[in-house]
Amino acid sequence: MTDHTYHVTSPGRVNLVGGHTDYAGGHVLPFATDLQTRLAATPADRVTVRSEALDDRRSFATDDREATGTWLDYVKGCYAVLADAGYEPGGFRGELSGTLPLGSGLSSSASLELAVLALLNEADDLGLGRERLAELGQRVENEFVGVDCGILDQFAVSLGRAGHALYVDTESRTYDPVAVPDDLRVVVYHTGVTHELVDSAYNDRRATVEAALDALGVDSVQAVTEADLAVLPDRQRQRLGYVVRENERVRRANAALVDGDVATVGAVLEAAHRDIAANYEASCEELDYVVETAIERGAYGARLTGAGWGGAAIALADAADARGVARSVHDAYRDCYPEHNGRFHLVTPSAGVSVERPGQ
Ligand code: GLA
């Protein structure tokens, strides 16, 4: 009997450095994780999806464009943006599972969008390339879910390459894979802190940076030097100043990775964290604690990853030490913040979203 099921594997993402540069046309240095979302799907008239993690099953017609305010919008939104681009893929019956934790700062939402987009691309032979899938994923967030994010998460999830980070220019949307040494591990430490203010703070920073770029008459941080900032009002100078330095740090981290110089990458991450905490004010006490403790316990460097204001931090360590560093941070964190559900994962750079066709 032929198997009619498509099997989709969609990673999460970690951003090594390049925080809040992606909506200013700057550089980022993410990779796709080996923690993944899985979607097993068979073609059907409607869309019916069950999420194992949420123990929730939902269904909608492929032309239903009403947002629900639930996780289903990441699926529905794919149909909305595809329709807008002139495609009308069929429905499916699917089961979502996998190892990627939800809401842990590893882009489970981008992972889900890209799983669905890649499935529909394959099942309906839409012929969309990976860059295009990433852009459509970003539009699901921006236009359907209502989150004003940049392209970072979707780019990493769609274009990730095993053993590599991606040095992405978000202005030209071009990228170069850069090898991550085999013996390096990235510890992701989730603080268990979710601040209500994340969305409003994110939009506030984005608006300030965009206003500052406008005032300077440029579209991208790549056209700005620190000397140009002098004419800006204080707050714009402070926020865009961080973005200018962060963009420069991405270049330095990429060059150091090319040279296999992990110690320099670590030092760049540490400087990035200090700057984002002091000048972008996107950290919080718990993230600062994890970053300091990880460095004190032997990590090459550490910083918050993702938007900030809670969520996760990353730390770089040799493969042989990584679990020890993570455990030691975890013990300290639990003593200091017993009220938070702190947890960690060790991740390695992996391939972007992939679809196995039925019968393969
Ligand atoms: C979130 C957004 C990304 C990016 C980061 C900050 O993860 O989804 O687009 O802006 O914050 O670097």
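Worth saying up front: this structure is predicted, and the values here are computed from it rather than measured. Just follow the structure's listing: the first ligand is 1, and inside any ligand the first atom is 1.
Side-chain contact check for Glu210 and Tyr23: no donor-acceptor pair (N or O, by modelled atom type) lies under 3.5 Å. No hydrogens or angles considered: a donor-acceptor pair under 3.5 Å links the side chains of Asp288 and Ser283. For the residue pair Thr348 and Asp34, a side-chain donor N or O sits within less than 3.5 Å of a side-chain acceptor on the partner.
Arg205 CZ to Ser200 OG: the interatomic distance, rounded to the nearest 0.5 Å, is 9.0 Å.
Ligand 1 is surrounded by Arg13, Gly18, Gly19, His20, Asp22, Tyr23, Cys149, Gly150, Leu152, Asp153, Tyr202, Gly306, Ala307, each with at least one heavy atom closer than 4.0 Å.
Outside the 6.0 Å centre-distance limit, the rings of Tyr6 and Phe92 are not counted as a close aromatic pair.
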Worked verdict on Tyr79 versus Phe144 for ring-ring contact (aromatic ring centres under 6.0 Å, His included): CA-CA 10 Å; Tyr79 281 85; Phe144 198 80; over 10 Å; no
